[in-house]
Enquirer: 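Right, I'll just put the structure down here and ask away after.
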Protein chains: 4
Amino acid sequence: MSTPGDRGTDGRRPQRADARTNRERILSVAEEVFGRGGQLASTEEVARLANVGIATVFRHFPTKAALLEAVLVQRFDRLREQAESLFHAADPGAAFFGFFSHLVADAPGKIAIGEALYEAGGGNGGDAARASDGLRRAVGLLLQHAQRDGAVRGDVELPEVYALLVATSRASAPAHLDEEVRDRMLAIVFDGLAPLRNARRQGP
Amino acid sequence: MSTPGDRGTDGRRPQRADARTNRERILSVAEEVFGRGGQLASTEEVARLANVGIATVFRHFPTKAALLEAVLVQRFDRLREQAESLFHAADPGAAFFGFFSHLVADAPGKIAIGEALYEAGGGNGGDAARASDGLRRAVGLLLQHAQRDGAVRGDVELPEVYALLVATSRASAPAHLDEEVRDRMLAIVFDGLAPLRNARRQGP
Amino acid sequence: MSTPGDRGTDGRRPQRADARTNRERILSVAEEVFGRGGQLASTEEVARLANVGIATVFRHFPTKAALLEAVLVQRFDRLREQAESLFHAADPGAAFFGFFSHLVADAPGKIAIGEALYEAGGGNGGDAARASDGLRRAVGLLLQHAQRDGAVRGDVELPEVYALLVATSRASAPAHLDEEVRDRMLAIVFDGLAPLRNARRQGP
Amino acid sequence: MSTPGDRGTDGRRPQRADARTNRERILSVAEEVFGRGGQLASTEEVARLANVGIATVFRHFPTKAALLEAVLVQRFDRLREQAESLFHAADPGAAFFGFFSHLVADAPGKIAIGEALYEAGGGNGGDAARASDGLRRAVGLLLQHAQRDGAVRGDVELPEVYALLVATSRASAPAHLDEEVRDRMLAIVFDGLAPLRNARRQGP
DNA sequence: AATGAATGAGCGTTCATTCAT
DNA sequence: AATGAATGAACGCTCATTCAT
């Protein structure tokens, strides 16, 4: 599977490429496997589906926790990049709410991600926590922009917004939350985040 | 191990009472242990912390799943009773929001409960699912009353409200969500649930 | 079940009677239970079917092995008595072959007996071995009588005959040996035990 | 643990060979351990005597039942091959009786084999049952040949002959059946199988 | 660098036996 | 004498991790 034949044709450094390929395949398989079964999924299953020996997995990721962390970092980074790509969107409100929806809609089947958003929120000091912070900061900027644009009330702050993001994302992770219900749930949250609240509250 | 003499509060005769006491202690320890570690927590740890032999746990609950289910049923039933006690509250809105807050505030450290609210939402056919349904129905009534009283907008329905309840409860389960943040998160949700929304949305 | 009411009416010694009754019921249930499942059957099942607490079983038989031994002793003794009742039969040959057949036909479902005939053959020094020896001796007498009567060749001796008895009995223990096959198997053995063998062998 | 250097007999390279060696050692140890203690013997004991970790046993045989089955298949196959090697023997009678004796003489200490000959006779649908059937068929052919050759009476059929084979084999399994007794027991059976029986019976 | 065999700690569960009533 | 709750050792089996090639 790891195409050992290449080595014969040219002696430059096919191994390095092979290793990188393996690492990536392992990571991507792990994302799916842990997404399905959470931490309960076995490392052997990752190895099997990635078509590598179990020892190869452990060569690339010294412990199961490290593999899980790498999966999370990848996922957080990807989400952060998506958030960052919206920093200069024409409509900051649409950008914020759109990203919120996207993240929540993306959750189904990705148990580990939900768990991670959730655990990493507490910060465990590892790379995942760092990546999680990166995502959090990006969401913070999207929020700020939306607030400045008047699309989100000005008196909410990142901690509670992020907590809501984690909460709704996590709640959506199990496949059995109906899509329509999920949207109606988000509608309520988004309504709570919309401005004019103050106006209404201040009014008689 | 069970040193029947040290039951300080009441000095009634052991034997049958001892067994009941053990059962209750096991249940309560299990609630805490599974609350911390989820299903991953070991039955042995439950036994150790309950100061009973492992076989005693299995005498009372034939399988680990049965123990977990008993924990959940107990918890769901307790919450349902609390909800039911609010059916005839003078202020249905306060009753609804109060119960919502109570359930979420009660969550910290009770991972299994969150998981259960969440999994049982899908219904696995066991006693826990039945108990979960009972809670859901009770929440449904509280919601209806609050809506009739004008404290909650009339266009939201139980599925999304319950999903929000599960989501925020679950998000609050880890101890590291600051209490103030949790309240601000709830404030947003409650705002989203408040009436006048339609009026505002329809207006220019 | 243990008729605890008797105690009230007369104070003499109903407990003794109760105990004896229990002991017998346990023994008889044990014979059936071990007969079905061998030593693998659990002592608890014996207690359950005998309608007594597990501790009662252990009061009467201090260990599981002792219970098993008691079962075997009872069974060996019963068989020995049956053999002895044939000592003065009019037709010693019919008596011998009849008893042989009876024992083998009685085997189905009595795994423990087969195992015991077999293990006890080696003599483990306990009561069961003693009872087994008693049976063996009784079979020996039946054999002698049959030989004197000319119904069994004179050159066979008890050890091999007993071994055959054990072997065929054991082979018949599982229910799945067809009755007809069992009889045809015995016919072969009985033929081998019939006299005139020597004559034939000595002839050219 | 597996100290690949100490394979005294042949110095071929380990790794794959090591695994095969382990597998074989486990199988052979299992044959002995189950031979002594039947299914009651523990897998751990097999591991201990085979000088491998318990997980190694389970790597080679996914369940205890699979290990037991492998032992039986091996044994049945070996016996079948021996039987087949006698198909074209010059003296079919000697072949049949010789194989019968061999099988019975081979039994001592191999309880599990006896149990298996016995249980598998009932057919449990697994590989062992298949292998058992193979052996049975081979014995059937040896019997036919012996009958055609006039060495075994023509009116006996495989079922009862096989039952006798199982019975005597099983009875010989415990080491405490004296060799001479065993032979005398077989002599009786063989006499019962010999021809001229009919003649004698029909004759005066 | 990659393999997969080997490992042992740990898990859920059972069962003969003991203890307290 | 009888009960049944409690016990812990043992079992079958799994899995993250290491070793030898």
Side-chain angles (χ1 to χ4, degrees), chain A residues 1-2 4 7 13-16 18-19 22-23 40-45 47 52-60 62-65 67, chain B residues 1-2 4 13-23 40-45 47 51-60 62-65 67, chain C residues 1-2 4 7 13-16 18-19 22-23 40-45 47 52-60 62-65 67, chain D residues 1-5 13-23 40-45 47 51-60 62-65 67:
Chain A
M1 264 307 151
S2 45
R7 234 158 299 179
R13 43 181 175 95
Q15 300 169 330
R16 215 56 177 234
D18 220 52
N22 272 347
R23 197 194 134 94
L40 283 162
S42 84
T43 315
E44 285 241 16
E45 195 188 351
V52 298
I54 180 70
T56 302
V57 175
F58 277 90
R59 161 170 291 275
H60 286 292
T63 65
K64 181 183 188 176
L67 172 56
Chain B
M1 264 302 159
S2 49
R13 62 201 136 87
Q15 190 62 51
R16 223 61 187 231
D18 208 48
R20 203 192 318 267
T21 300
N22 269 345
R23 195 194 136 94
L40 284 163
S42 84
T43 315
E44 289 234 17
E45 195 188 350
N51 268 329
V52 298
I54 182 65
T56 302
V57 175
F58 278 93
R59 160 172 276 272
H60 287 290
T63 63
K64 182 186 189 175
L67 172 56
Chain C
M1 267 305 157
S2 46
R7 232 156 303 181
R13 44 178 173 94
Q15 302 168 327
R16 215 55 175 234
D18 219 51
N22 272 347
R23 197 193 134 92
L40 282 162
S42 83
T43 315
E44 285 240 18
E45 194 188 351
V52 298
I54 179 70
T56 302
V57 175
F58 277 90
R59 162 169 291 275
H60 287 292
T63 65
K64 183 184 188 177
L67 173 56
Chain D
M1 263 304 156
S2 48
T3 55
R13 62 203 135 88
Q15 189 61 49
R16 223 60 188 232
D18 209 47
R20 202 193 320 263
T21 300
N22 270 345
R23 197 195 135 94
L40 284 163
S42 84
T43 314
E44 289 234 14
E45 196 189 351
N51 267 330
V52 298
I54 181 66
T56 301
V57 176
F58 280 94
R59 159 174 278 271
H60 286 289
T63 65
K64 183 186 187 173
L67 173 56

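In what follows, chains carry the letters A, B, and so on, assigned in the order in which the sequence lines appear, proteins first and then strands, with residues in each chain numbered from 1.
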Enquirer: Can you measure B:E45 atom CD to E:dG12 atom P for me and round it to whole angstrom units?
Expert: 10 Å

Enquirer: If I take atom CG from residue B:L67 and atom CZ from residue B:R23, how far apart are they, to the nearest 0.5 angstrom?
Expert: 9.0 Å

Enquirer: Mapping C:V52 and A:P62 to their closest nucleotides on DNA chain F, which lands nearer the 5' end?
Expert: C:V52

Enquirer: To the nearest Å, give me how far apart CZ (A:R23) and P (E:dA2) are.
Expert: 12 Å

Enquirer: Is the shortest side-chain N/O distance from D:R59 to OP1 or OP2 of E:dA5 below 4.0 Å?
Expert: yes

Enquirer: Output the single nucleotide from F:dA5, F:dC11, F:dC15 whose closest atom is nearest the side chain of B:A19.
Expert: F:dA5

Enquirer: Taking all heavy atoms of A:H60 and all of A:N22, pick out the closest pair and write down the distance.
Expert: NE2-CB, 4.0 Å

Enquirer: Between F:dC15 atom P and A:F58 atom CZ, what is the distance in whole Å?
Expert: 12 Å

Enquirer: Closest to the A:T63 side chain: E:dA6, F:dT17, F:dG4?
Expert: F:dT17

Enquirer: Determine: side-chain N/O of C:T43 to OP1/OP2 of E:dC15, distance under 4.0 Å, yes or no.
Expert: no

Enquirer: What is the separation between atom CZ on D:R20 and atom P on F:dT21, rounded to the nearest whole Å?
Expert: 16 Å

Enquirer: For A:T56, answer base if it contacts any base atom (sugar-phosphate contacts may also be present), sugar-phosphate if it contacts only those atoms, and nothing otherwise; contact means non-hydrogen atoms under 4.0 Å.
Expert: base

Enquirer: In Å, rounded to the nearest 0.5 Å, how long is the span from CD of D:E45 to CD1 of D:I54?
Expert: 11.0 Å

Enquirer: By nearest heavy atom, map C:E44 and D:I54 onto DNA chain F; which one lands nearer the 5' end?
Expert: C:E44

Enquirer: Whole angstroms only, please: what is the CG-P distance between A:L40 and E:dC11?
Expert: 14 Å

Enquirer: So, is D:N22 near the phosphate of E:dA5, with a side-chain N or O under 4.0 Å from OP1 or OP2?
Expert: no

Enquirer: Which pair of non-hydrogen atoms, one from D:T43 and one from D:F58, has the smallest distance, and what is that distance?
Expert: CG2-CE1, 3.8 Å

Enquirer: Using whole Å, what does the distance between atom P of nucleotide E:dG10 and atom NZ of A:K64 come to?
Expert: 16 Å

Enquirer: Under a 3.5 Å limit for both distances, which nucleotide forms a Watson-Crick or G-U wobble pair with E:dA2, could you say?
Expert: F:dT21

Enquirer: Do any side-chain nitrogens or oxygens of A:H60 fall under 4.0 Å of OP1 or OP2 in E:dA1?
Expert: no

Enquirer: Check whether any side-chain N or O of A:S42 sits under 4.0 Å from OP1 or OP2 of F:dC15, and answer yes or no.
Expert: no

Enquirer: Any idea which heavy atoms bring B:V57 and B:A47 closest together, and the distance?
Expert: CG2-CB, 3.7 Å

